[in-house]
Structures are given as structure tokens and as C-alpha cells.
Amino acid sequence: MLTEQLISLAIPTLLPTDSGNRALLLMEESHLSQLPMVQNDEYLGLIQETALLDWDTPERALSSADFANYKPAVSGTGHPFDALKLANEQHLNIVPVLDSGLKYLGAITRDELLRYVSENAGIDTPGGI
């Protein structure tokens, strides 16, 4: 299985013109603490709730934020374990997925990655552990 096959369509994206307040609202509505910022299929960065809460001017556009350059991502043709490793190392709730041309394809939730591992690691098979 490829990471692009685990992409969740329920993860909203942010635009650079969105305000920090709008980003916080979308995070609250989607129950996520991170959202990707994308424009014209170009992945611009992963916006984190903690950075937004510490930002002095959340009414401004995200493009003016100095924390908007954090860009963790995995390849859509990679293995889901690569995404799981990145999620663990970087403490991510979502992992952005890019194609070979570095275009944004979507994102995978940590819950979906854990579901994949539990269904494919033989945990429910006798002798699997």
C-alpha cells in the first residue's frame, strides 16, 4: 500500500490569505491541532495550533507569520510506515502527502496510520505478537 491511498478527504486546508483566527476556527471544527497551508496545489507549510495561540496578531494573514515555513511531508509513493515514523518523530497529528513534483495530494491522520498498522501488522492473528 502507498501513503497516497490513506489520504483523508476530511482534512481542510488553509490559504496564505486566511487569518490566524480562521485557522483556529477550522482546527476546532475539524478537531485537529495542525492544518496544511496550500495554494494552487503547492504545499506551503503545516500550521500548528500552538504557534497560532502564541501569535500576537492572529487577525493577520498566515502569509505574514514567521512560523509558516514548517514543511514536514512524505511522498505519496512511499510506504505508510514512513508517514508513521515522521508523525512520531515530529509529534504530528496529520502528515501532508506530496507527489514527485512536490504538489500537495492531501494529508493522512495519525489515527488512520494507526488503523493501517493494526490491520496490517498481524496483531489480530494468533501468534502475530
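All values derive from a computational prediction rather than experimental measurement.
In this structure, the separation between CZ on Phe67 and CD on Gln48 is 9.5 Å, given to the nearest 0.5 Å. Annotation: the span from Thr3 atom OG1 to Leu86 atom CG amounts to 11.0 Å, rounded to 0.5 Å. In this structure, CD in Glu49 is found 6.5 Å from CE in Met27, a value given to the nearest 0.5 Å.
Every residue two or more places apart in sequence or in another chain that forms a side-chain contact (heavy atoms from CB on, under 4.5 Å) with Leu84 is listed here: Leu113, Leu114, Val117. For the salt bridge (charged side-chain N to carboxylate O under 4.0 Å, His left out) test, residues two or more places apart in sequence or in another chain that qualify with Glu112 are Arg115. Applying the side-chain hydrogen bond (donor to acceptor under 3.5 Å, both in side chains) criterion to Thr50, with sequence neighbours excluded, gives no partner residue. A search for side-chain hydrogen bond (donor to acceptor under 3.5 Å, both in side chains) contacts involving Glu4 returns nothing, not counting sequence neighbours. Annotation: side-chain contact (heavy atoms from CB on, under 4.5 Å) contacts of Ser75 (sequence neighbours excluded): Thr77.
Two residues are said to be in side-chain contact when any heavy atoms from C-beta on lie closer than 4.5 Å; Pro58 and Leu52 fail this criterion. Taking 4.5 Å as the limit, every side-chain heavy atom of Leu44 sits out of range of all side-chain heavy atoms of Val38.
In terms of heavy atoms, Ala61 sits closest to Ser64 at O-OG, 2.7 Å. Pro72 and Leu46 make their closest contact through CG-CD2, 3.8 Å (heavy atoms, listed as atom of the first residue, atom of the second, distance). Pairing each heavy atom of Pro36 with each of Ile94, the nearest pair is CD-CD1, 3.4 Å. The two residues Leu62 and Ala23 come nearest to each other via the heavy atoms CD1-CB, 4.2 Å. Residue Val74 comes nearest to Ala83 through the heavy atom pair CG1-CA, 3.8 Å, listed as atom of the first residue, atom of the second, then distance.
A salt bridge (Lys or Arg N to Asp or Glu O under 4.0 Å) check over residues 24-40, counting only residues at least two apart or in different chains, returns nothing. Within the structure, no pair that satisfies the ring pair (Phe, Tyr, Trp, His ring centres under 6.0 Å) test touches residues 16-52, not counting sequence neighbours. Sorted by first and then second residue, the side chain to side chain donor-acceptor pair (under 3.5 Å) pairs with a member in residues 85-103 read Ser33-Asn93, Tyr70-Gln90, Asn93-Arg110; sequence neighbours excluded. Among residues at least two apart or in separate chains, there is no salt bridge (Lys or Arg N to Asp or Glu O under 4.0 Å) pair with a member in residues 52-80.
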Determine whether Tyr104 and Glu42 satisfy the following criterion, side chain to side chain contact (heavy atoms under 4.5 Å, CB included), listing intermediate values before the conclusion. CA-CA 6 Å; Tyr104 180 78; Glu42 181 184 353; over 6 Å; no
Take Leu24 and Leu53 through the side chain to side chain contact (heavy atoms under 4.5 Å, CB included) test and state the conclusion after the steps. CA-CA 8 Å; Leu24 286 169; Leu53 292 172; 4.0 Å; yes
List, one per line, each side-chain donor-acceptor pair under 3.5 Å for residues 5-22, sequence neighbours excluded.
| from | atom 1 | to | atom 2 | distance (Å) |
| --- | --- | --- | --- | --- |
| Gln5 | OE1 | Leu2 | N | 2.7 |
| Ser8 | OG | Ala10 | N | 3.2 |
| Asp18 | OD2 | Leu15 | N | 2.9 |
| Ser19 | OG | Asn21 | N | 3.4 |
| Ser19 | OG | Arg22 | N | 3.0 |

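Checked by atom type and distance alone, the side chain of Asp82 never pairs as donor or acceptor with a backbone atom of Gly78 at under 3.5 Å.
Follow the hydrophobic side-chain contacts under 4.5 Å out from Val97 and you reach Leu102 in the same cluster.
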